[in-house]
Colleague: 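Please see the structure below; I have some questions.
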Amino acid sequence: MARGGFPGMGGMNMNNLVKQAQKMQKQMAAMQEELNEKTLEMTSGGGAVKVVISGKKEIKELKISPDVVDPDDVEMLEDLILSAVNEAIRQADEMYNNAMGKLTGGMGMGGMF
């Protein structure tokens with residue numbers, strides 16, 4: 001074991017490492033709170049179905065154009081809703097991952113150790 005440190009730490013001061021980790025944790029919490037407040041809007045069927053989702057992946061709004069409400073073709077409407085909701089969730093995940101990637105410099109918390 002290296003004197004005054006841990007093997008593989010390259011002489012890095014543990015206090016500095018702890019301070020950096022705490023700072024990053026605070027930044028991540030603030031970023032997560034900010035992302036949770038954002039909303040994304042997705043549409044499908046050329047705007048026939050619109051979904052508004054929060055950064056927490058909560059559906060805030062769902063609008064369906066009366067033009068696509070066909071009692072003889074409920075499956076098409078279901079598909080449009082699923083498409084819009086799934087895309088909204090994908091976009092929310094992407095927004096979160098991009099923001100956290102910028103904060104951590106592209107490396108996850110595991111990259112610090």
Side-chain angles (χ1 to χ4, degrees):
M1 182 174 204
R3 188 174 162 198
F6 293 97
M9 292 298 291
M12 180 179 257
N13 184 325
M14 282 301 292
N15 287 333
N16 287 342
L17 184 62
V18 169
K19 286 178 185 178
Q20 286 177 337
Q22 289 172 339
K23 180 181 177 183
M24 183 175 283
Q25 185 177 17
K26 286 179 185 178
Q27 289 174 330
M28 289 177 74
M31 178 70 72
Q32 188 170 13
E33 184 63 32
E34 181 182 324
L35 292 171
N36 286 345
E37 298 301 317
K38 290 188 177 196
T39 59
L40 298 165
E41 181 178 308
M42 297 297 126
T43 62
S44 66
V49 173
K50 178 179 91 171
V51 174
V52 176
I53 189 171
S54 74
K56 292 180 184 180
K57 299 181 197 171
E58 294 175 347
I59 304 297
K60 295 293 188 181
E61 185 179 332
L62 175 65
K63 296 283 185 182
I64 300 170
S65 171
D67 299 338
V68 296
V69 180
D70 180 356
D72 295 326
D73 194 3
V74 174
E75 285 183 28
M76 180 189 69
L77 180 56
E78 292 169 343
D79 288 343
L80 291 173
I81 293 169
L82 286 174
S83 176
V85 168
N86 285 331
E87 180 61 15
I89 292 169
R90 191 188 70 72
Q91 289 287 330
D93 283 341
E94 188 175 305
M95 176 183 69
Y96 181 84
N97 290 336
N98 286 340
M100 288 301 160
K102 288 177 186 174
L103 185 63
T104 62
M107 64 178 186
M109 287 297 287
M112 289 183 62
F113 301 103

Colleague: More than 12 heavy atoms of other residues, nucleotides or ligands under 6.0 Å from CD of Glu61: is that the case?
Modeller: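 Yes, enclosed.
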Colleague: Could you state the interatomic distance from CE (Met95) to CG (Leu40), rounded to the nearest 0.5 Å?
Modeller: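 Answer rounded to 0.5 Å: 4.5 Å.
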Colleague: Using 0.5 Å steps for rounding, measure from the NZ atom of Lys23 to the CG atom of Asn16.
Modeller: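 The NZ atom of Lys23 sits 11.5 Å away from the CG atom of Asn16.
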Colleague: Taking Ser65 for its side chain and Ala48 for its backbone only, find out whether a donor-acceptor pair lies under 3.5 Å.
Modeller: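 Here the side-chain-to-backbone pair does not exist.
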Colleague: How far apart are the C-alpha atoms of Met31 and Tyr96, what are their side-chain angles, what is the distance that settles it, and do they pass the side-chain contact (heavy atoms from CB on, under 4.5 Å) test?
Modeller: CA-CA 9 Å; Met31 178 70 72; Tyr96 181 84; over 6 Å; no
Colleague: If Ile, Leu, Val, Met, Phe, Trp and Tyr residues are connected whenever their side-chain heavy atoms lie under 4.5 Å apart, and connections chain through other members, are Ile64 and Val52 in the same group?
Modeller: no
Colleague: Could you measure the distance from the CD atom of Glu41 to the CD atom of Glu87? Nearest 0.5 Å is fine.
Modeller: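 Answer rounded to 0.5 Å: 13.0 Å.
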Colleague: Please round to the nearest 0.5 Å and tell me the distance separating atom CD of Glu75 and atom CG of Leu82.
Modeller: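 Between atom CD of Glu75 and atom CG of Leu82 there are 11.0 Å.
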Colleague: Apply salt bridge (Lys or Arg N to Asp or Glu O under 4.0 Å) to Asp93 and list each qualifying residue two or more places apart in sequence or on a separate chain.
Modeller: Lys57
Colleague: Could you tell me the separation between the CD1 atom of Ile81 and the CG atom of Leu62, rounded to the nearest 0.5 Å?
Modeller: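 Nearest 0.5 Å value for the CD1-CG distance: 5.5 Å.
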Colleague: Could you go through Met42 and Ile53, starting from their C-alpha distance and side-chain angles, then the distance that decides it, and tell me whether this counts as side-chain contact (heavy atoms from CB on, under 4.5 Å)?
Modeller: CA-CA 8 Å; Met42 297 297 126; Ile53 189 171; 5.7 Å; no
Colleague: Just to verify, what does Glu33 make a side-chain hydrogen bond (donor to acceptor under 3.5 Å, both in side chains) with, not counting sequence neighbours?
Modeller: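 Once residues adjacent in sequence are excluded, Glu33 has no partner under the side-chain hydrogen bond (donor to acceptor under 3.5 Å, both in side chains) criterion.
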Colleague: Report the distance from atom OG1 of Thr43 to atom CG of Leu80, rounding to the nearest 0.5 Å.
Modeller: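 With rounding to 0.5 Å, OG1 (Thr43) is 10.0 Å from CG (Leu80).
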Colleague: Grab the two heavy atoms, one from Ser44 and one from Ser83, that are nearest each other, plus how far apart they are.
Modeller: CB-OG, 4.0 Å
Colleague: Under the rule for side-chain hydrogen bond (donor to acceptor under 3.5 Å, both in side chains), what residues qualify as partners of Glu94, not counting sequence neighbours?
Modeller: Arg90
Colleague: Under the side-chain contact (heavy atoms from CB on, under 4.5 Å) rule, what do Leu77 and Asp70 come out as? Steps first, then yes or no, please.
Modeller: CA-CA 8 Å; Leu77 180 56; Asp70 180 356; over 6 Å; no
